[in-house]
Amino acid sequence: MQFVFIYNIVSIMDITLSLSQAVAQVLKSLYGIEAEAESVVLQDTRKEFKGDYTLVVFPYVKQARKSPEAVANEIGAAVKELLPEVAGYNVIKGFLNFEIADSYWSRFVGENAEDSRFGLAKTNPAEAPVVVEYSSPNTNKPLHLGHIRNNLLGWSVSCLLEAAGANVKKVNLVNDRGIHICKSMLAWKLYGNGETPESSGMKGDHLVGKYYVEYDKHYKEEVKKLMESGVEEEQAKKDAPLMVEAQSMLKRWEEGDKEVRDLWEKMNGWVYAGFDETYRRLGVGFDKVYYESNTYLLGKELVQKGLDMGVLFRKEDGSVWCDLTGDGLDQKLLLRKDGTSVYMTQDLGTALLRHNDFGAERLIYVVGNEQDYHFKVLKLILGKLGFEWADKVYHLSYGMVELPNGKMKSREGTVVDADDLMDEMEKTAEEMSREHGKNDELPAEEQQHLYHILALGALKYFILKVDPTKNMLFNPAESIDFNGNTGPFIQYTHARIRSIVRKAENSEFGILNSELADAKNNSEFRIPNSELTEKERGVVKALHALPQTIKAAAAAYSPAMVANYAYDLAKAFNSFYQDTPILRESNPEVKQFRVQLCAFVANALKNTMNILGIEVPERM
């Protein structure tokens, strides 16, 4: 039998915090144990046991001088007396399982269901920002699948930190100069015959990438001929005419040669237009874009500062190094013998410029794990140069993404371009939607938009649900399934819920009938209490966990925790939906509660998927 409770609406404290504080108070009063509430660890009760939260009492047994069962029973009884929200408890050896009253869960829904920002903390724009750098492409090739993971991870980590209350600035460092860029430029000059994006019909970044591959093909032929003439492989790679000419071009670029600079600006312009189109389609952006061509000179100044301080040293050939052997590493090159800079040079300059621009609380670099050594060196050198903020540098190191057929190599033309992948994903989304008979009644324009957001949802979710530190295998066919742990499954769940809520709103019942609305406006709210169904309870508890999930995910820089939370919530809702009448419920107050619960779930799914950069449809 279900009852209706009437009570004044006041803000309720998270029950886990209340429990922790109560346990700490009880430990002191019963056993004289001083324990901060933050140190009281509560776990979700295992499904095979009755209860909601579990306290492991073994850490307190020695001081209490009683058996684990006795300690657990005494704590349980005292906490139950302190907290009316605790309906009961049970003890299994040294595990104390608290059972939370249905009135708490019902009230939690009533207070938070209409909060569109539930789970999201407020950001203070006056706080020192967290600067997140991601993307960092080279202007000698288009963005590919590896860049997609970088961009999606950088964007979602930024959104996650914002959801946890941080003031975040998203930045991009474009590697627009260097030997790799010169290789594409040289190949276009030698073999391009004046080809342009307009004359070829290719996106500019794809066109420039074509000549990067062309360079590598001709370069390998030269190396092969030199080796056939008796030159050792390593020497052949250095002496190949194309390599010599590319290095000469880089030196001329640093010297400001007009012809080289004009070609560089033209080809980079093609690439930037291509990048912008890909970023827009992928749904990512930046608050500020830095260019290596503007930061490497500052890096050179820092190298000179290091020489003056005696932190760096110059070898006989004129190259400049930092000796890190005392730090367990090796010697690191900072300037080549011809005076040209390396990646570390510009990263030193960029770090200083970024610190000066933002006064950042943290500088987060989203870069693959193959650069772990690089960022260890960056922090060490910044510290040796006297910058106290060097310890604010954090490398968010992530694993590589591969396809079923193995690794990708840009110079060999074996990459999967981001644009091509998105095209294929949208095609697959359309085919699978038609196969399942979904969306046939929607207008054609709305269908095309839906295929786009399903494709991007599948791509983003499949990549972001994996722990960032792990390597991953991307399988496009698996990612776009409407069942299982996929983006489209969660998107479809959201659309289903919104359909339920629309039907409720359009019915004579409405999402809030006038009697309930009046009660709420009078600071009283009627919610069905006692004997929530098991499935209702599962959904409410999942919603209750959202704020802490976001907080924990932000601390771990792990969008995967949010992605898998969204999946678990969607699963819990679908289980509830299959077993529980909602619009067919005869009791209007119970119906009201369930419709409200549906709207709450839809909002939570929208918020969590937004953190992942995924749009959820209103209808499918």
Looking only at the side chains, is there a donor atom on one of H449 and E615 sitting less than 3.5 Å from an acceptor on the other? yes
Test D216 against K220 for salt bridge (Lys or Arg N to Asp or Glu O under 4.0 Å), laying out the working first. CA-CA 6 Å; D216 190 65; K220 285 180 176 176; 3.3 Å; yes
Parallel, tilted or perpendicular: rings of Y279 and F286 (30°, 60°): perpendicular
Would you please test K170 and E162 for salt bridge (Lys or Arg N to Asp or Glu O under 4.0 Å) and show each step? CA-CA 11 Å; K170 308 178 189 75; E162 287 174 343; 3.4 Å; yes
How many angstroms lie between CD in E536 and CZ in R594, if you round to the nearest 0.5 Å? 4.5 Å
Mind checking whether Y557 and Y394 have ring centres under 6.0 Å apart? yes
What is the distance from atom NZ of K183 to atom CG of L242, rounded to the nearest 0.5 Å? 10.0 Å
Result of checking W105, F118, F573, F593 against F600 for ring pair (Phe, Tyr, Trp, His ring centres under 6.0 Å): F118
Checking side-chain polar atoms at under 3.5 Å, does Y398 have a donor or acceptor matched by the opposite partner on N150? yes
Any side-chain donor paired with an acceptor under 3.5 Å for T486 and D481? no
If I compare all heavy atoms of S200 with all of L207, which pair ends up nearest, and what's the gap? OG-CD1, 4.1 Å
In Å and rounded to the nearest 0.5 Å, what is the CG to CG distance from L186 to L250? 12.0 Å
In terms of the angle between their ring planes, are H144 and H147 parallel, tilted or perpendicular, with boundaries placed at 30° and 60°? tilted
Does a donor on one side chain sit under 3.5 Å from an acceptor on the other, for N603 and R117? no
Under 3.5 Å, is there a donor-acceptor pair linking the side chains of E195 and Y211? yes
Is the cationic atom of R177 (NZ for Lys, CZ for Arg) positioned less than 6.0 Å from the six-membered ring centroid of W264 and within 45 degrees of its normal? no
Under 3.5 Å side-chain donor-acceptor pair for K535 and S575: yes
Compute whether any side-chain donor of one residue and acceptor of the other, for H180 and N175, lie under 3.5 angstrom apart. no
Will you find, in the side chains of Y215 and N140, an N or O donor that is under 3.5 Å from an N or O acceptor? no
Can you tell me how the ring of Y365 sits relative to the ring of F375, calling it parallel under 30°, perpendicular over 60° and tilted otherwise? tilted
With no hydrogens and no angle check, do the side chains of E214 and H218 hold a donor and an acceptor under 3.5 Å apart? yes
Can you check side chain to side chain contact (heavy atoms under 4.5 Å, CB included) on V208 and T139, steps first, answer last? CA-CA 8 Å; V208 173; T139 56; over 6 Å; no
Side chains of Y290 and D357, donor plus acceptor under 3.5 Å: yes
Any side-chain donor-acceptor pair under 3.5 Å between K203 and T278? yes
